[in-house]
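One structure is given here, and the rest of the page talks about it.
So that the names make sense, note that chain A is the first sequence line, chain B the second, and so on, each numbered from 1.
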Amino acid sequence: MTIKIYNTLSRKKEDFETLEPKKASMYVCGPTVYDKAHVGHAMSVLVFDIIRRYLEYRGYEVLHAMNYTDVDDKIIQRAIIEEIDPFDLAERYIQEFREHLDDLNILPATVYPRATQEIDHIIEMVQGLIEKGHAYESEGDVYFFVSSDDDYGKLSGRKLEDMQSGFRIDVDDRKETPMDFALWKSSKPGEPSWESPWGQGRPGWHIECSAMSYYHLGEQIDIHGGGNDLVFPHHENEIAQTESLTGKPFARYWVHNGMMQLRGAAMSKSTGNLVTIEEFLAQHDADILRMMVLNSSYRSPLKFSDETVGHAKKALDRLRSALRPATPGAAGEMPETLEAQITATRQGVEESMADDINTAGALGYLFELVRAINYARDDGTAPDALAEAQRLILEYTGIMGLKLDHTGVDGRSGTGEAAPFVDLLIELRAELRNQKLWELTDKVRDSLAELGVVLEDGKEGTTWRWG
RNA sequence: GGCGACGUGGCCAAGUGGUAAGGCAGAGGUCUGCAAAACCUUUAUCAUGGGUUCGAAUCCCAUCGUCGCCUCCA
């Protein structure tokens, strides 16, 4: 089945065809590390993790690069305020981000390039652009000459004339034209800087990604991704730089995720409208955030609120409900409805995922299978006869990166070490039930519930799970 | 002001030409000491107004509204 993916460049879904068969190169713009990352960053990382997992499921070998911008104005500013070395500051947040990636069950990228470790490549690229007449040096800065790029604006759909007419009067004499952007910035005393043919300085924001993509993945790549707030100017400028140098199309598919919204506005570091990943994970299972992303379109805005978080949690519980074992002693055969639903789900999920990674559509089919499984269990279907459908749930949720095991808020996992104690309480409670001491019976259940343990009395006895 | 995206039931959200998936919440029921869970039944004509078409949530135009970008931001 052909994979279709939405390309920001063409504003259409396109058939996914890689430069090399069965190999996909993907460069995703990572964070600028000057502060704690928020769940919006996590969303972006999750989206591309899901895409990557899906491509691997479809047999692609994925070369995946995610960068850290570890030198820029914000980092320098922040370092001055905190009176620490900017490199230490960046390092601290990179380490923190790495831990988040791990907690969020993100597959490790092939490479994690950083601007400060690619200075030679960046300088080489800037020089190449100057030689080709696409950039010029001015008082120690180097600017990209936007007018030299005849298709500048093609990604964001802007025309140079429109932008310049609406542009504020820019009194920067160092630039030829107002839209020109810095490839290399001369440094002030005390700022991090590197030797260059144009004096001491540091790279501009956009060039680092062009350079890192070029040197780690090649002149041309299959997927270039990031949040849709990066379309302009960041990705527009990356295209301008790379294509002006190579004369070839840069990325085949430009993929952008929508913004996470909090209180009606995009989460943003600069406005402080955010929930950090740290705060989120202190209270919730990582699967919940992934579920929120999965249950909507990756390109649309995603609302973050107590309510939407709650929805995701419920949806996860529902998926897990399908994995509960068959009723003890059940020996029934697989009902036809379940068999039919397995086929329908398999087909539906495959079609949905191939259609621009439509995870929400795919989940719809999984939930239908959940219902069929639960129905079959109630109907007395034997464990073996449930197993195939349950395996399918695990297989597909696995492709989406869900774990479905329950890790409690404070790290207790699965049935874990608390199990013998809970079992003991259930045993005692069974005795109370026999004696019809309902008040005490209910008290045990309520008290356990407060500790996060949910008791459920069924025909074959009491079962429990983390709630 | 310019560019782009979007507007589906109480909430979240699929569906891009043939009479609306799924989740949550709600109502009724089965089961249960009660509850929970699970299961069954049930709840929409797709922002508004025009147009194209045998037929539109789905295409076109207009209006209203929301969001993003145009300065650093996933």
Side-chain angles (χ1 to χ4, degrees), chain A residues 8 11 13 28-32 34-35 37-48 66 69 72-75 77 153 155-159 161-163 165-168 179 205 225-234 236 256-261 264-271 274 291-292 295-297 299-303 305 307-308 310-319 321-322 324 327 348 352 355 358-368 370-371 373-379 433 436-439 441-442 445-446 449 454-459 462-463 465 467:
Chain A
T8 306
R11 312 261 169 205
K13 285 183 197 172
V28 181
C29 288
T32 302
Y34 71 93
D35 204 347
H38 57 70
V39 288
H41 297 110
M43 174 188 178
S44 183
V45 164
L46 282 164
V47 163
F48 289 98
M66 196 200 83
T69 299
D72 93 318
D73 293 346
K74 295 250 172 182
I75 295 172
Q77 269 177 27
L155 180 68
S156 56
R158 289 152 211 255
K159 295 192 177 85
E161 310 87 71
D162 294 346
M163 283 189 275
S165 60
F167 211 78
R168 284 168 295 205
M179 292 309 295
W205 178 35
N228 68 13
D229 55 342
L230 297 180
V231 173
F232 189 89
H234 188 50
E236 192 71 72
H256 294 98
N257 62 276
M259 295 292 100
M260 182 88 93
Q261 296 188 341
M267 282 205 191
S268 155
K269 280 198 248 193
S270 45
T271 60
L274 54 81
M291 188 49 136
M292 291 176 70
N295 204 24
S296 68
S297 161
R299 286 190 277 129
S300 300
L302 179 57
K303 287 174 200 155
S305 67
E307 199 180 10
T308 56
H311 282 172
K313 184 179 185 316
K314 291 277 199 169
L316 272 175
D317 285 344
R318 175 125 183 101
L319 280 179
S321 77
R324 294 178 194 170
T327 313
S352 297
D355 182 12
N358 181 355
T359 50
L363 277 174
Y365 289 100
L366 286 180
F367 282 119
E368 286 179 355
V370 167
R371 195 199 306 140
I373 291 169
N374 287 336
Y375 179 88
R377 185 194 300 103
D378 283 3
D379 202 36
R433 291 188 76 201
K436 301 198 191 299
L437 295 169
W438 303 128
E439 254 181 57
T441 301
D442 291 344
R445 187 172 60 198
D446 294 345
V454 179
L455 296 193
E456 290 171 356
D457 298 324
K459 268 187 182 159
T462 302
T463 57
R465 61 187 168 86

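- In this structure, A:Met292 reaches neither bases nor backbone, as no heavy-atom distance under 4.0 Å exists between it and the strands shown.
- Within the 4.0 angstrom heavy-atom criterion, base atoms lie near A:Ala360.
- OP1 or OP2 of B:C12 has at least one side-chain nitrogen or oxygen of A:Lys303 nearer than 4.0 Å.
- Between the CZ atom of A:Phe232 and the C1' atom of B:A5 there is a distance of 17 Å, rounded to whole Å.
- Nucleic acid contact class of A:Thr32 (heavy atoms, under 4.0 Å, all strands): sugar-phosphate only.
- The nearest whole Å value for the distance from the CG atom in A:Asp446 to the P atom in B:C34 is 16 Å.
- Rounding to whole angstrom units, CG of residue A:Asn228 and P of B:C6 are separated by 11 Å.
- Comparing B:A36 with B:U30, their C1' atoms sit 15 Å apart, to the nearest whole Å.
- By the 5.5 Å and 30° criteria, A:Trp438 is stacked with the base of B:G33.
- For A:Lys269 and B:A74, the shortest distance from a side-chain N or O to OP1 or OP2 is below 4.0 Å.
- For A:Asp442, the listed nucleotide lying nearest its side chain is B:C34; candidates were B:G23, B:C34, B:C69.
- Among the protein residues, A:Gly40 comes within range of the nucleic acid bases, having at least one heavy atom under 4.0 Å from a base atom.
- When rounded to the nearest whole Å, the span between CG of A:Asn295 and P of B:G15 equals 12 Å.
- Of the residues near RNA chain B, A:Ser352 and A:Arg11, the one whose nearest nucleotide (by heavy atom distance) lies more toward the 5' end is A:Arg11.
- Nucleotides B:U52 and B:C67 place their P atoms 35 Å apart, quoted to the nearest Å.
- Distance noted for atom C1' between B:U53 and B:G18: 12 Å (whole Å).
- Here the nucleotide nearest the side chain of A:Glu368, chosen from B:G33, B:A5, B:G22, is B:G22.
- Counting any heavy atom pair closer than 4.0 Å across all strands shown, A:Ala265 reaches sugar-phosphate atoms only and no base atom.
- Among the heavy atoms of the strands lying under 4.0 Å from A:Ser297 are primed sugar atoms or P, OP1, OP2 only; no base atom is included.
- We find that CZ of A:Phe367 is positioned 11 Å from C1' of B:C12, with the value rounded to whole Å.
- A:Ser156 OG to A:Asn228 CG: the interatomic distance, rounded to the nearest 0.5 Å, is 12.5 Å.
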Under-3.5 Å N/O pairs linking protein and nucleotides 36-39 of chain B:
{"from": "B:A36", "atom 1": "N1", "to": "A:Asp457", "atom 2": "O", "distance (Å)": "3.4"}
{"from": "B:A37", "atom 1": "O4'", "to": "A:Glu456", "atom 2": "OE2", "distance (Å)": "3.2"}
{"from": "B:A37", "atom 1": "O2'", "to": "A:Arg324", "atom 2": "NH1", "distance (Å)": "2.3"}
{"from": "B:A38", "atom 1": "O3'", "to": "A:Asn374", "atom 2": "ND2", "distance (Å)": "3.1"}
{"from": "B:A38", "atom 1": "O2'", "to": "A:Asp378", "atom 2": "OD1", "distance (Å)": "3.3"}
{"from": "B:A38", "atom 1": "O2'", "to": "A:Asp378", "atom 2": "OD2", "distance (Å)": "2.7"}
{"from": "B:C39", "atom 1": "OP1", "to": "A:Arg318", "atom 2": "NH2", "distance (Å)": "3.1"}
{"from": "B:C39", "atom 1": "OP1", "to": "A:Asn374", "atom 2": "ND2", "distance (Å)": "3.4"}
{"from": "B:C39", "atom 1": "OP2", "to": "A:Arg318", "atom 2": "NH1", "distance (Å)": "3.2"}
{"from": "B:C39", "atom 1": "O4'", "to": "A:Asp378", "atom 2": "OD2", "distance (Å)": "3.1"}

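- Using a 4.0 Å cut-off between a side-chain N of Lys or Arg and a carboxylate O of Asp or Glu, A:Arg445 and A:Asp457 qualify as a salt bridge.
- Taking the ring axis of A:Phe367 as reference, the NZ or CZ atom of A:Arg318 does not stay both within 45° of it and closer than 6.0 Å to the ring centre.
- For the pair A:Leu302 CG and B:G68 C1', the computed distance is 15 Å after rounding to whole Å.
- Within 4.0 Å of A:Gly264, counting heavy atoms only, lie sugar-phosphate atoms of the nucleic acid but no base atom.
- On the C1' atoms, B:A37 is 11 Å away from B:C31, given to the nearest whole Å.
- Heavy-atom minimum distance, A:Met292 versus A:Leu302: O-CD1, 3.6 Å.
- Straight-line distance between the P atoms of B:G49 and B:C54: roughly 23 Å, to the nearest whole Å.
- Rounded to whole angstrom, the span from the CG atom of A:Leu363 across to the P atom of B:A14 amounts to 11 Å.
- Backbone-only contact: A:Ser296 has heavy atoms under 4.0 Å from sugar-phosphate atoms and none from a base.
- In this structure, the separation between CG on A:Leu366 and CZ on A:Arg371 is 13.0 Å, given to the nearest 0.5 Å.
- In this structure, A:His234 reaches neither bases nor backbone, as no heavy-atom distance under 4.0 Å exists between it and the strands shown.
- Considering only heavy atoms from C-beta on, A:Arg324 comes within 4.5 Å of A:Glu456 through its side chain.
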Go ahead and write out RNA chain B as dot-bracket, 5' to 3': ( ) for pairs within the strand, [ ] for ones crossing earlier pairs, | when the partner sits on another strand, dots for unpaired; Watson-Crick or G-U wobble, both distances under 3.5 Å.
((((((((.[[[..)..(...]]].(((((.......)))))....[[[[[..)....]]]]])))))))....
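- When the nearest nucleotides of RNA chain B are assigned to A:His41 and A:Gly310 by heavy-atom distance, the more 5′-ward of the two goes with A:Gly310.
- Between A:Asp73 atom CG and B:U71 atom P the separation is 15 Å, expressed in whole Å.
- Separating the C1' atom of B:U45 from that of B:C61 is a span of 22 Å, rounded to the nearest Å.
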